[in-house]
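Single-structure report; data block below.
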Protein chains: 2
Amino acid sequence: MNVTIYDVARESGVSMATVSRVVNNNPNVKPQTRKKVYEAIERLGYRPNAVARGLASKKTTTVGVVIPDISNAIFAEVARGIEDIANMYHYNIILCNADKKKEKEIRVINTLLEKQVDGLLFMGGKVTEEHVHAFQTANVPIVLCATTSEQEPIPFVDINHEAAAFDAVTALIVRGHRSIAMISGPMDDPSNGLARLQGYRRALETAGIAFDDKYVRIGNYRYETGNDLMPYFLTMHPRPTAVFAANDEMGIGAIHAIQDAGLNVPGDISVIGIDNTRMASMVRPQLSTVAQPMYDIGAVSMRLLTKLMNKEVVSQSRVVLAHELIVRNSVKANT
Amino acid sequence: MNVTIYDVARESGVSMATVSRVVNNNPNVKPQTRKKVYEAIERLGYRPNAVARGLASKKTTTVGVVIPDISNAIFAEVARGIEDIANMYHYNIILCNADKKKEKEIRVINTLLEKQVDGLLFMGGKVTEEHVHAFQTANVPIVLCATTSEQEPIPFVDINHEAAAFDAVTALIVRGHRSIAMISGPMDDPSNGLARLQGYRRALETAGIAFDDKYVRIGNYRYETGNDLMPYFLTMHPRPTAVFAANDEMGIGAIHAIQDAGLNVPGDISVIGIDNTRMASMVRPQLSTVAQPMYDIGAVSMRLLTKLMNKEVVSQSRVVLAHELIVRNSVKANT
DNA sequence: GTTTTCATTGTATACGATTTCACATCAATT
DNA sequence: AATTGATGTGAAATCGTATACAATGAAAAC
């Protein structure tokens with residue numbers, strides 16, 4: 001039915017080993033023979049079977065990518081970075097959404113390992129012992145991507161979420177704000193949730209401002225939560241003069257809630273977010289934020305993985321990328 | 001090194017055939033034997049090799065997905081729909097960005113076929129003869145996803161872009177607008193570009209309004225183009241009372257350009273887009289739009305593909321999903 | 001003229017599963 | 001007691017490639 005390397009061998013009058021050499025660009029083939037084989041390949045429309053190749057060579061040129069949710073702009077950006085670099089090194093990616101659900105994560109990790117991926121890029125929620133166990137039974141390299149783990153010295157690429165939050169809040173403080181509210185993410189999320197709250201807290205304390213949990217409300221990273229939680233802060237006395245949202249979407253929700261209440265951003269209240277999604281510059285006023293280099297996180301982690309798969313020595317297997325404060329006109333000095 | 005089915009057979013005192021039966025849930029195994037084998041699997045930490053299985057069974061339970069750009073919210077949404085249904089039917093997906101570039105598309109199609117995917121979901125730009133040829137040499141089913149082709153009767157799932165544009169423009173016309181500008185996509189894009197322009201044109205002509213290409217400007221679907229092209233319309237005499245943007249992002253760009261010029265939306269100019277991305281309801285005023293069921297397009301096309309891979313008879317292999325007009329407050333009647 | 005060397009090619013096996021077919025066992029039927 | 005049928009199991013072929021090793025032939029060295 002399908003044309004195999006054997007058919008090509010017969011058609012071109014050589015052995016299958018020679019065809020294999022031609023297909024794999026092995027230099028030990030006489031140019032004339034090579035030409036004959038190429039012609040036979042063309043004539044027969046031969047397409048090498050990567051599955052058979054994978055079985056024989058024990059390499060699939062495929063990497064597994066576990067991602068929370070590809071329809072989330074942040075992760076989609078990471079995914080694009082991953083795929084671009086993967087493509088550059090001739091790898092394909094098998095993508096699995098796991099929604100930061102532990103059991104789903106474990107399941108897809110095992111599926112990917114069964115598929116004999118050459119490496120694994122894991123982007124998820126908390127890394128538990130069960131995760132680590134699954135990683136250990138794998139005999140391929142693993143890189144954590146935008147995901148941190150206290151557990152084991154697993155290679156990872158991420159930003160410093162605590163510091164990013166610290167910088168965002170400090171940007172408000174240096175502009176004279178003392179009463180700063182926070183719309184946080186859920187605490188069970190180690191990086192985006194807890195770490196950002198800690199950064200907020202440290203910034204306040206560094207500036208000698210007492211932390212008060214009445215000024216913190218917990219959302220779920222969606223526009224609607226920002227929009228719904230903001231009115232609570234508006235009724236407070238004293239009313240906060242600035243709001244730090246743990247991500248841009250909630251920040252934008254907050255801006256609109258403030259505007260809907262007849263107040264002005266940044267006139268009455270300044271707002272800052274984190275992420276620097278496209279949306280941040282697509283609202284009025286444009287949202288100040290701390291840029292996370294999501295594309296780069298994907299690209300760098302994939303690059304790191306290629307090195308590990310290639311058994312190269314890597315100087316840095318735990319890399320923290322720089323974030324960047326971007327002040328736009330949703331923030332002004334508090335006078 | 002790695003534990004194989006043969007090791008499990010020895011460990012449990014049966015043949016590899018029996019182990020295979022146990023692993024594949026073949027009912028013809030004595031419960032007692034099954035138990036022995038399961039124990040050996042557990043003890044040895046056996047993980048079936050899907051590559052070997054794929055070679056032997058000629059099935060990989062993997063489908064290829066060609067997508068223009070996963071970092072684009074629209075396509076990411078489709079991808080999520082695809083992956084959810086794929087997951088439901090125990091398929092994995094290999095994802096390839098091809099940026100609607102023909103040669104890149106052809107290349108990844110061939111790579112995916114080499115990897116022996118059980119089916120292919122193609123989402124791209126124009127489907128050329130070269131594409132069709134590549135599809136024909138594949139002996140696995142193919143479904144076009146949010147992509148139309150005049151060429152051949154290839155199964156597809158999409159919406160009617162022409163009608164969606166028609167409905168958007170008609171929504172403006174019935175509200176008394178006669179002077180309606182359009183910010184279009186590039187004409188080399190058959191569905192989002194050309195089809196939407198045609199819908200715009202038909203809506204005008206149906207209402208007895210002359211089409212005038214001075215009222216059409218071509219953008220690239222980005223916020224910036226909407227923002228940059230809008231001022232041109234603002235200087236026209238007579239100034240259009242409404243703008244139809246070929247997608248939401250350009251529509252939002254237009255809104256902000258109008259606002260930046262000191263005019264009011266919808267007071268002075270109404271704006272409508274297409275897509276219904278999250279952003280549409282995250283701007284003020286909220287953008288009216290025609291909703292495209294992107295998630296469903298992905299889900300339905302994957303479901304269709306599973307049927308084809310399973311050799312089921314499908315009644316409808318060319319499905320057009322319904323779009324929906326959503327009028328928000330970026331549109332008001334022209335008095 | 002014989003021996004070495006080197007480039008090129010072929011043979012045979014491994015990769016780790018699925019699957020066909022044959023066989024053995026045992027209960028049910030005649 | 002012989003036949004049938006169902007059930008459970010194993011031996012061996014097969015999937016399509018890579019690759020170690022052997023073999024070949026021609027050119028180079030002696």
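Chain letters run A, B, ... following the sequence lines, proteins first, then strands; residues in each count from 1. From a predicted model like this one, the values you see are computed outputs, not experimental measurements.
Using a 4.0 Å heavy-atom criterion, one finds that A:V29 contacts the sugar-phosphate atoms exclusively. Residue contacts for A:V14: at a heavy-atom cut-off of 4.0 Å it reaches the sugar-phosphate backbone alone, with no base atom in range. Base engagement by A:N28 is indicated by at least one non-hydrogen atom pair under 4.0 Å involving a base atom. In this structure, B:S20 reaches the bases: a heavy-atom distance under 4.0 Å links it to at least one base atom across the strands shown.
A:N24 has a side-chain polar atom (N or O) that falls below the 4.0 Å cut-off from OP1 or OP2 of D:dA18. The side chain of B:T4 contributes no N or O atom lying less than 4.0 Å from OP1 or OP2 of C:dC15. For B:S15 and D:dG10, the shortest distance from a side-chain N or O to OP1 or OP2 is below 4.0 Å. The side chain of A:Y46 contributes an N or O atom lying less than 4.0 Å from OP1 or OP2 of D:dT17. Distances shorter than 4.0 Å separate none of the side-chain N or O atoms of B:N49 from OP1 or OP2 on C:dC15.
Look at B:R43 and B:D7 and you find no salt bridge, because none of the NZ, NE, NH1 or NH2 atoms lies under 4.0 Å from a carboxylate O.
One donor-acceptor pair, N or O on each side, does fall under 3.5 Å between the base of D:dG10 and the side chain of B:R21.
Counted within 6.0 Å of NZ on A:K100, heavy atoms from surrounding residues, nucleotides or ligands total more than 12; the atom is thus considered enclosed. Within 6.0 Å of the CD atom in B:E312, the count of heavy atoms belonging to other residues, nucleotides or ligands exceeds 12.
The side chain of B:T18 lies closest to D:dT9 when the candidates are D:dT9, C:dG16, C:dT18. Of all nucleotides listed (D:dT9, C:dA17, D:dT17), C:dA17 comes nearest to the side chain of B:A56. Among C:dC15, D:dA18, C:dT18, the nucleotide with an atom closest to any side-chain atom of A:L55 is C:dC15. Listed nucleotides: C:dA17, D:dT9, D:dT17. Nearest to the side chain of A:A52: D:dT17.
Put simply, OH on B:Y89 and OG1 on B:T61 are 15.5 Å apart, with the number rounded to the nearest 0.5 Å.
Proximity of the aromatic rings of A:F135 and A:F122 is defined here by a centroid distance below 6.0 angstrom, and this criterion is met.
Residue B:A17 is the one, among B:K58 and B:A17, whose nearest nucleotide of DNA chain D lies closer to the 5' end (criterion: closest heavy atom).
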